[in-house]
**Student:** 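Below: one structure in structure tokens.
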Amino acid sequence: MASLGELPPYRRAQLLWRWAHEGVAFVERLVVDAVTEPCSLPSPPPGPPGRTVAVPGDDGRFHLERAGLMLCGQVEAAGVWGHRQHCGWVERGDGPQEWRGGRDDGTSVWGSLIVQWPVRASGQGVDPGTVDRPGRCPGGAYELMHLWPPRPARTASVRRLRAALVDALGPDCHLCGLYPGAMVDHDHQTGRVRGLLCAYCNRVLEECPHLTDCPRAGYLLAPPADALNLMYPAGQRRPRESTRLRVIEQLGFDPFEGLRPPS
């Protein structure tokens, strides 16, 4: 039976960091209980298979279309697609704001509403990767958010890494293969590039508690990009000192002691 101690040191530290508020015993039980249930991959994107294009709509936004279906809407009549979006915000002292995560101090007032509108296509489809984020339709299923290709990375070094990964292994996520690869994934201890991940897989990869017999564990054990010998640029963002101290207080020790690469 697998145990927390059998995981590679950095993966063990990642799990302890993620679940520090629950305590070490919880993480140990998490690893033991996970043996019979491998991690899941994201759900496939909606719509039929085929090439996806971004079609301009008469609402001033671009909409993902595949095989004649506007993926972010439901057909209402010939050429008209009904759209629906949940909008949420938080009211603070200086007015309504978009919620960007973090801790709520208890004084915020939450608000939300459902917006619906019709859309007609108003032009020919283009490459979705050429559409800036503000011009992308926010409606439809949650999975559609990950179906839009990523915008170019901020730094030239990461853009070169992404280009090398796409050229060698393809543009789609190297773990699930369902969505465009958005993030250059790398081992945060060694700096070695592991592959290209979609936003969903990149967010949950390090939570994998399995040694083997799991798609995420298989990716971590044999990274697709290993043979390319690519290194991620140094100087990664470190956690806030207040966060690190809180984790140490919760666990009684620093799980990354001796594992973090030098600045």
Side-chain angles (χ1 to χ4, degrees), residues 1-49 101 140-147 165 169-228 232 236 239 243-244 246-261:
M1 180 176 292
S3 67
L4 179 62
E6 293 179 78
L7 288 174
Y10 198 81
R11 288 190 58 201
R12 181 169 65 245
Q14 287 280 22
L15 281 180
L16 289 167
W17 181 278
R18 167 67 179 82
W19 298 105
H21 61 288
E22 297 285 359
V24 177
F26 173 88
V27 182
E28 291 175 337
R29 176 52 54 186
L30 181 72
V31 174
V32 172
D33 292 345
V35 171
T36 59
E37 187 175 351
C39 298
S40 61
L41 295 177
S43 302
Y142 169 75
E143 291 83 3
L144 285 177
M145 178 176 66
H146 301 303
L147 198 55
L165 290 168
L169 301 168
D172 292 331
C173 177
H174 298 159
L175 175 51
C176 72
L178 297 171
Y179 295 90
M183 314 291 183
V184 175
D185 169 55
H186 63 286
D187 185 314
H188 287 261
Q189 183 182 13
T190 65
R192 196 175 180 87
V193 172
R194 295 185 293 214
L196 202 59
L197 295 180
C198 67
Y200 176 86
C201 287
N202 184 71
R203 188 176 69 249
V204 300
L205 176 66
E206 301 289 0
E207 297 178 4
C208 174
H210 301 94
L211 282 168
T212 57
D213 302 319
C214 165
R216 295 184 209 165
Y219 173 94
L220 290 166
L221 287 170
D226 226 17
L228 300 178
Y232 202 81
Q236 297 307 299
T243 302
R244 191 181 74 86
R246 185 175 71 249
V247 168
I248 292 175
E249 181 180 359
Q250 291 168 333
L251 292 175
F253 60 93
D254 183 352
F256 286 101
E257 182 68 35
L259 296 178
R260 293 194 187 279

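Quick caveat: nothing in here was measured; it's all calculated off a predicted structure.
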**Student:** Less than 4.0 angstrom from a charged side-chain N to a carboxylate O is my criterion; do Arg194 and Asp185 meet it?
**Tutor:** yes
**Student:** Do Leu197 and Tyr219 come within less than 4.5 Å of each other through their side chains, counting heavy atoms only?
**Tutor:** yes
**Student:** To the nearest 0.5 angstrom, please state how far the SG atom of Cys198 sits from the CG atom of Leu205.
**Tutor:** 10.5 Å
**Student:** Relative to the ring of Tyr200, is the ring of His146 parallel (under 30°), tilted (30 to 60°) or perpendicular (over 60°)?
**Tutor:** perpendicular
**Student:** Mind running side-chain contact (heavy atoms from CB on, under 4.5 Å) on Leu196 and Leu169 for me, showing each step along the way?
**Tutor:** CA-CA 9 Å; Leu196 202 59; Leu169 301 168; over 6 Å; no
**Student:** Any side-chain heavy atom of Pro42 within less than 4.5 Å of one from Glu143?
**Tutor:** no
**Student:** Where is the tightest heavy-atom contact between Leu4 and Val31, given as atom of each residue plus distance?
**Tutor:** N-CG1, 3.9 Å
**Student:** Give me the atom names and distance for the closest heavy-atom approach of Pro255 to Leu16.
**Tutor:** CB-CB, 4.0 Å
**Student:** Any donor and acceptor pair, going by atom type alone, linking the side chain of His210 with main-chain N or O of Thr36 inside 3.5 Å?
**Tutor:** no
**Student:** Just wondering, do Val27 and Arg18 contact through their side chains at under 4.5 Å, heavy atoms?
**Tutor:** no
**Student:** Looking only at non-hydrogen atoms, find the nearest pair between Val247 and Ala20 and report the distance.
**Tutor:** CG1-CB, 3.9 Å
**Student:** Any side-chain heavy-atom pair from Leu178 and Pro45 closer than 4.5 angstrom?
**Tutor:** yes
**Student:** Do other residues, nucleotides or ligands put more than 12 heavy atoms under 6.0 Å from Asp213 CG?
**Tutor:** no
**Student:** Is the shortest side-chain heavy-atom distance between Tyr10 and Leu220 below 4.5 Å?
**Tutor:** no
**Student:** I need the minimum non-hydrogen distance between Tyr179 and Pro44, along with the two atoms involved.
**Tutor:** OH-C, 3.4 Å
**Student:** So, for Ala225 and Val193, which heavy atoms are closest and what is the spacing to 0.1 Å?
**Tutor:** CB-O, 3.8 Å
**Student:** Do you know the tightest heavy-atom contact between Leu7 and Arg12?
**Tutor:** O-NH1, 2.9 Å
**Student:** Any donor and acceptor pair, going by atom type alone, linking the side chain of Arg216 with main-chain N or O of Leu175 inside 3.5 Å?
**Tutor:** no
**Student:** Measure from the side-chain N and O atoms of Arg11 to the backbone N and O of Cys208, and report whether any donor-acceptor pair falls under 3.5 Å.
**Tutor:** yes
**Student:** How are the rings of Phe26 and Trp19 set relative to one another: parallel (under 30°), tilted (30 to 60°) or perpendicular (over 60°)?
**Tutor:** tilted
**Student:** Please answer whether the main-chain N or O of Gln250 pairs with a side-chain N or O of His21 as donor and acceptor at a distance below 3.5 Å.
**Tutor:** no
